[in-house]
There are 2 protein chains.
Amino acid sequence: MGRTADYSDQSCSIAATLEVIGDPWTLLVIRDAFKGISRFEQWQERLGVARNVLASRLKTLVAHGVLEARQYSARPPRNEYVLTQKGKDLADVLVTMHAWGSKHLYGDMEAGVVFKHIPCGQQLKPRVACDCCGEIVKRSDIEMIVLQDRPTVGEILSRDEAA
Amino acid sequence: MGRTADYSDQSCSIAATLEVIGDPWTLLVIRDAFKGISRFEQWQERLGVARNVLASRLKTLVAHGVLEARQYSARPPRNEYVLTQKGKDLADVLVTMHAWGSKHLYGDMEAGVVFKHIPCGQQLKPRVACDCCGEIVKRSDIEMIVLQDRPTVGEILSRDEAA
DNA sequence: TCGGGCGCGTTCGTTTTCGCAACCCACTTG
DNA sequence: CAAGTGGGTTGCGAAAACGAACGCGCCCGA
């Protein structure tokens with residue numbers, strides 16, 4: 001393609017998030033990171049993704065601070081990649097996406113990967129709750145508000161490219 | 001390739017979900033659908049996406065039952081596209097992605113789009129709760145389990161292409 | 001009645017990026 | 001010292017995305 005597709009003239013944290021994790025394969029890389037995968041070769045084998053693409057994805061995830069490259073061998077230089085706090089916070093996104101696919105695509109059948117909620121021992125069916133009042137959020141309780149003159153995705157993301 | 005990238009040999013509802021909403025622009029189309037956008041021209045203008053790409057995205061979203069095409073003029077045939085139940089259920093995904101971007105990219109600054117939780121009147125900070133026991137889910141409470149011999153993404157999605 | 005404009009796409013030629021396979025480099029092991 | 005391994009980089013088509021132009025049916029004003 002080209003996927004020159006950048007959303008950088010918008011001002012929306014959904015669009016910004018997509019700039020970071022919206023590339024093909026990226027979210028699956030992160031999913032496997034949650035499973036404990038941390039080395040190039042493991043991702044490559046499990047996903048079957050092209051090596052150059054994988055290298056590029058890991059690089060941008062590190063640049064955005066989702067993964068941290070940790071050198072475990074000095075010479076030859078060998079990295080492993082582990083989730084940062086920022087990366088671990090993507091769990092919510094994975095969980096809700098999993099729930100949607102599970103319900104609407106797999107028809108509540110169990111797919112090859114499931115989440116378990118350890119405290120209650122059941123398979124996790126996530127519901128979104130409001131942190132402020134603690135209530136479960138129904139869809140009709142949500143209003144989307146559009147504000148004017150907020151910083152664009154481009155402005156936001158150019159900062160951590162400076163690093 | 002051009003993104004022949006298909007995850008169809010995997011068995012994972014996250015991968016399956018990505019097959020449906022993982023294309024560039026698709027999630028932003030859905031975001032705008034939540035804002036009330038329902039016509040081709042409106043999406044095109046707001047997103048600046050190429051018209052053929054937009055047409056293709058709308059078509060596959062309809063094919064997957066996320067949007068419903070509703071003809072509002074017989075001649076010339078004119079469609080509008082509205083979210084189905086399946087589509088509306090993606091709200092959770094949008095909300096969690098929004099929260100992540102808001103926290104980690106915008107640094108809790110307000111971006112151009114925010115969600116409001118109507119019952120309590122506050123800006124929505126979503127937390128994931130377990131439907132079974134009602135508790136807020138902490139990251140350490142989640143275990144990812146890999147099962148064997150489950151239907152692949154390809155098998156699952158080929159069904160509603162038959163429609 | 002003629003022209004222009006709108007709404008909704010489709011077509012066409014051009015870029016980008018992906019997938020694949022091959023290659024490379026620095027060790028390690030036999 | 002040859003073969004192997006982990007972690008990438010390089011080069012070549014092919015498939016998608018891009019953008020601009022075109023089509024088409026209708027409506028409106030002159």
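A note on names: the letters A, B, ... follow the listed sequences, proteins ahead of strands, and every chain is numbered from 1.
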Between the protein and nucleotides 1-4 of chain C, are there any N/O to N/O pairs under 3.5 Å, and if so, what are the atom names and distances?
none

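For A/Asn52 against D/dG8, a side-chain-to-base donor-acceptor contact under 3.5 Å is absent. Side chain A/Arg39 to base D/dG6: no donor-acceptor pair is found below 3.5 Å.
Atom-to-atom distance recorded for A/Asp131:CG and B/Gln122:CD is 11.0 Å, nearest 0.5 angstrom.
Every residue two or more places apart in sequence or in another chain was checked for a side-chain hydrogen bond (donor to acceptor under 3.5 Å, both in side chains) with A/Arg70, and none qualifies.
Where A/Ser56 and B/Arg51 meet DNA chain C, the nucleotide closest to each residue was compared, and B/Arg51 sits on the side nearer the 5' end. Annotation: of the two residues near DNA chain C, A/Pro77 and B/Glu80, the 5′-most nearest-nucleotide partner is B/Glu80.
A straight line from CH2 of A/Trp43 to C1' of D/dG8 spans 14 Å, rounded to a whole angstrom. Between the CZ atom of A/Phe40 and the P atom of D/dT5 there is a distance of 17 Å, given to the nearest Å. The OH-P distance, from A/Tyr72 to C/dC27, rounds to 13 Å in whole Å. In this structure, CG of A/Asn79 is placed 21 Å from P of D/dT5, rounded to the nearest angstrom. The CG atom of B/Leu58 sits 16 Å away from the P atom of C/dG7 (whole-angstrom rounding). A straight line from CD of B/Glu45 to P of C/dC8 spans 12 Å, rounded to a whole angstrom. Nucleotide D/dC26 holds its C1' atom 14 Å from the CD atom of B/Gln71, rounded to whole Å. The interatomic distance linking B/Gln44 (CD) with C/dG9 (C1') rounds to 11 Å, in whole Å.
Within the cation-pi definition used here (under 6.0 Å to the ring centroid, within 45° of the axis), B/Arg39 qualifies as a partner of B/Tyr72.
Side-chain contact between B/Val49 and B/Trp43: absent, with no pair of heavy atoms (C-beta onward) separated by less than 4.5 Å. The shortest side-chain heavy-atom distance between B/Leu105 and A/Lys86 falls under the 4.5 Å cut-off.
In terms of hydrophobic clustering, with Ile, Leu, Val, Met, Phe, Trp and Tyr side chains grouped at heavy-atom distances under 4.5 Å, B/Leu124 and A/Leu147 are assigned to different clusters. Connection of B/Ile37 to B/Leu83 is established within a shared hydrophobic cluster, with ILVMFWY side chains joined at heavy-atom distances below 4.5 Å, either directly or through further cluster members.
Out of D/dG7, C/dG9, C/dG19, the shortest distance to the side chain of A/Ala50 is found at C/dG19. Distances were taken from every side-chain heavy atom of A/Glu41 (C-beta onward) to each of C/dG9, D/dG7, C/dG19; the shortest belongs to D/dG7. Out of D/dG6, D/dA17, D/dC18, the shortest distance to the side chain of B/Val49 is found at D/dC18. Counting only heavy atoms from C-beta on, A/Pro76 has its side chain closest to C/dA26 among D/dA17, C/dG7, C/dA26.
A close approach under 4.0 Å does occur between a side-chain nitrogen or oxygen of A/Trp25 and OP1 or OP2 of C/dG19. A close approach under 4.0 Å does occur between a side-chain nitrogen or oxygen of B/Lys59 and OP1 or OP2 of C/dT10. The side chain of B/Tyr81 places no N or O atom within less than 4.0 Å of a non-bridging phosphate oxygen (OP1 or OP2) of C/dC8.
For B/Asp89 and A/Arg139, the salt-bridge test passes: some basic side-chain N is under 4.0 Å from an acidic carboxylate O.
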